[in-house]
Amino acid sequence: MSEMACRNCGRVFTVPKKRLDVCPICKTRSLTENWSGLIIVFNPESSTLADKLSLKEAGRYALNIGR
Amino acid sequence: MKKQSKIYAIKTMIGQEKQVLEMFERRVKAKGEPYTTAIKAAIWVKDVKGYIFVETEDPILVDELLQGIRHSRGRSSSFIDPSEIDKYLVVKPVIESLKTGDLVEIIGGPFKSMKGRVVAVDRQKSEVTLELLESASPFPITIYAEYLRKIEGGA
């Protein structure tokens, strides 16, 4: 298992090693293993941190995504 | 009246921050209400060792969830000003901290886990030219800066 982040929407997913190359949320082919920092948003409507990062939906997001 | 959410630091063992955060996430989801409403977000920042941060309107619920989580060392009693977290939310690009002569480790791409010394930095393209230390012939290679991690500064 490996954790990959989508360069487009910033979401982080746990996927079987090298099996997934399409983001299940935004459907773009832009996943990477090169990411760091993790924010888990439970309540995007009332969260200051989610507001600062412009995150509108609950979920797991990477803070820094490499190429 | 609606409660104002505040950010609290949670001490963890160094190197186990992500594990504690993931365990915390699983517990919040498993317990459901009122935890999922009171806890707004949880964050792990790579540059802050030994801490994760939780945004909540009820810190007592965080204490309950933390009980028994391996590698967690409890919550700080006082809350943190959100502006203190801001500087970690926007991560500084690696290229800004690199200069000629720095020793770096390659953390991605075909040369992953090799070490090299920086011989040139192109800030416009975000590329770094380096000489691999483990290579028999020290020919320079150019690599995207995000694939590098600085080990130590050069002379």
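The sequence lines fix the lettering, A, B, ..., with proteins before strands; numbering per chain opens at 1.
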**B:E25 side chain vs A:I40 backbone, donor-acceptor pair below 3.5 Å** = no

**Asked** Does any N or O in the side chain of A:N43 come within less than 3.5 Å of the main-chain N or O of B:T36, such that one atom is a donor and the other an acceptor?
**Response** yes

Treat each ILVMFWY residue as a node, draw an edge where side-chain heavy atoms are under 4.5 Å apart, and state whether [X] and [Y] are in one component.
| X | Y | result |
| --- | --- | --- |
| B:V121 | B:I141 | yes |
| B:Y51 | B:I80 | yes |
| B:M114 | B:L148 | yes |
| B:Y8 | B:F53 | no |
| B:F139 | B:V128 | yes |

**Prompt:** Would you say A:L38 and B:I43 make side-chain contact, with heavy atoms under 4.5 Å?
**Reply:**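 The answer is no; the side chains never approach within 4.5 Å.
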
**Request:** Nearest 0.5 Å please: distance from the NZ atom of B:K40 over to the CG atom of A:L49.
**Result:**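 CG of A:L49 is found 12.0 Å from NZ of B:K40.
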
**Request:** First locate atom CH2 of A:W35, then atom NZ of B:K46, and finally report the distance between them rounded to the nearest 0.5 Å.
**Result:** 10.5 Å

Minimum heavy-atom separation for [X] to [Y], with atom names?
| X | Y | value |
| --- | --- | --- |
| B:E55 | A:T48 | OE2-N, 2.7 Å |
| A:S47 | B:A41 | OG-CB, 3.7 Å |
| A:L63 | B:W44 | CD1-O, 3.9 Å |

**Request:** Side chain from CB out, backbone as N, CA, C, O: work out which of these in B:V28 comes under 4.5 Å of a heavy atom of chain A, or both, or neither.
**Result:** side chain

**Item:** Heavy-atom proximity to chain A below 4.5 Å, by part of B:I52
**Value:** neither

**Fill in**
Ranked by heavy-atom pairs below 4.5 Å to chain A, first place among B:I85, B:V54, B:V45, B:I39 goes to B:I39

**Asked** What residues of residues 16-23 of chain B sit under 4.5 Å from chain A when you count only heavy atoms?
**Response** B:K18, B:L21, B:E22

